[in-house]
Engineer: 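Sharing a structure with you now.
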Amino acid sequence: MPTILVTNDDGYFSDGLKALRDSLKSLGRVVVVAPDRNLSGVGHSLTFTEPLRMRRIEEDFYAVIGGTPADCIHLGYRVILGEVKPDIVCSGINQGPNLAEDITYSGTVSGAMEGRIIGVPSVAFSAFGREDFLFEDMAKVCRDIVDKLLLRGLPEDTYLNVNIPNLRYEEIKGVKITRQGKRAYKEKVFKYLDPHGKPLYWIAAEEFGWQAEEGTDYWAVMNGYVSITPLHLDMTNYRATEDIRYLEY
Ligand code: MN
């Protein structure tokens with residue numbers, strides 16, 4: 001029976017995480033290790049400067065107090081699974097999309113990235129929606145994808161960023177393999193005053209948008225398709241190596 005290690009960045013109490021766990025149970029043993037709070041935007045940080053604690057919520061379901069998604073995969077693999085590699089790592093389902101440059105901030109994607117770093121095929125799942133999430137429908141899509149991945153695997157160094165339209169299972173048009181798109185929105189810094197009149201700052205997106213170029217992640221979900229973008233750990237920009245050769249001596 002395959003072992004599936006699951007995390008997220010929205011916290012262990014998230015409905016998206018629970019729907020994913022429940023849908024994957026028919027495929028194998030599902031072990032959930034998730035942060036104790038919402039860490040959306042935490043990226044790929046690993047906690048080196050503080051100790052961590054784990055709390056058992058129920059069988060095969062743990063919360064890491066103060067842990068990031070990367071910490072959770074680490075502890076799940078090294079402690080809970082006793083260094084026995086899971087067959088696959090899944091992260092999500094995130095409450096909101098992870099498209100284009102979102103990937104670089106995403107704790108959801110970083111959970112999958114950490115899975116790939118420990119040498120396991122990994123996939124991040126995010127919901128393309130803002131509210132009224134149909135997690136049970138989206139979890140069926142996740143199950144379909146994980147089922148195929150357990151059978152066929154992934155190339156070395158590859159992990160997947162999956163975005164699922166917030167639609168009924170029957171309404172989803174299909175699955176497209178895509179490339180990372182480009183963002184068309186900017187964060188704004190909002191300024192407030194605390195009770196003592198001192199300034200506070202809050203970084204938030206004013207409105208969301210991505211460039212809808214054909215073949216991109218955003219284009220797929222906008223058109224009712226599941227978007228699967230293959231990512232790799234090697235961040236080298238091979239196309240640029242000759243362009244900057246002049247720096248060598
Ligand atoms: Mn999140």
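When a ligand or atom number is given, it counts from 1 through the structure's own listing order. Residue numbers start at 1 and run along the sequence shown.
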Engineer: Which distance, rounded to the nearest 0.5 Å, do you find between the CG of Asp87 and the NZ of Lys85?
Structural biologist: 11.5 Å
Engineer: Does the Asp9 side chain pair with the main chain of Val42, one donor and one acceptor, at a distance under 3.5 Å?
Structural biologist: no
Engineer: If we ignore hydrogens and angles and just use 3.5 Å, is the side chain of Glu101 paired with the main-chain N or O of Arg183 as donor and acceptor?
Structural biologist: yes
Engineer: Counting no waters, what protein N/O/S atoms lie under 2.8 Å from the Mn ion (ligand 1)?
Structural biologist: Asp9 OD1, Asp10 OD1, Ser40 OG, Asn94 OD1
Engineer: Can you list, pair by pair, the side-chain donor-acceptor contacts under 3.5 Å of residues 112-127, counting residues two or more places apart and other chains?
Structural biologist:
residue: Glu114; atom: OE1; partner: His44; partner atom: NE2; Å: 2.7
residue: Glu114; atom: OE2; partner: His74; partner atom: ND1; Å: 2.9
residue: Arg116; atom: NH1; partner: Thr158; partner atom: O; Å: 3.1
residue: Ser122; atom: OG; partner: Ala112; partner atom: O; Å: 3.3
residue: Ser122; atom: OG; partner: Arg116; partner atom: N; Å: 3.2
residue: Ser122; atom: OG; partner: Val120; partner atom: O; Å: 2.9
residue: Ser126; atom: OG; partner: Asn98; partner atom: ND2; Å: 2.9

Engineer: Scan Ile177, Leu149, Val109 and name whichever one has a side-chain contact (heavy atoms from CB on, under 4.5 Å) with Leu160.
Structural biologist: Leu149
Engineer: Determine whether the side chains of Thr178 and Thr229 contain a donor N or O and an acceptor N or O closer than 3.5 Å.
Structural biologist: yes
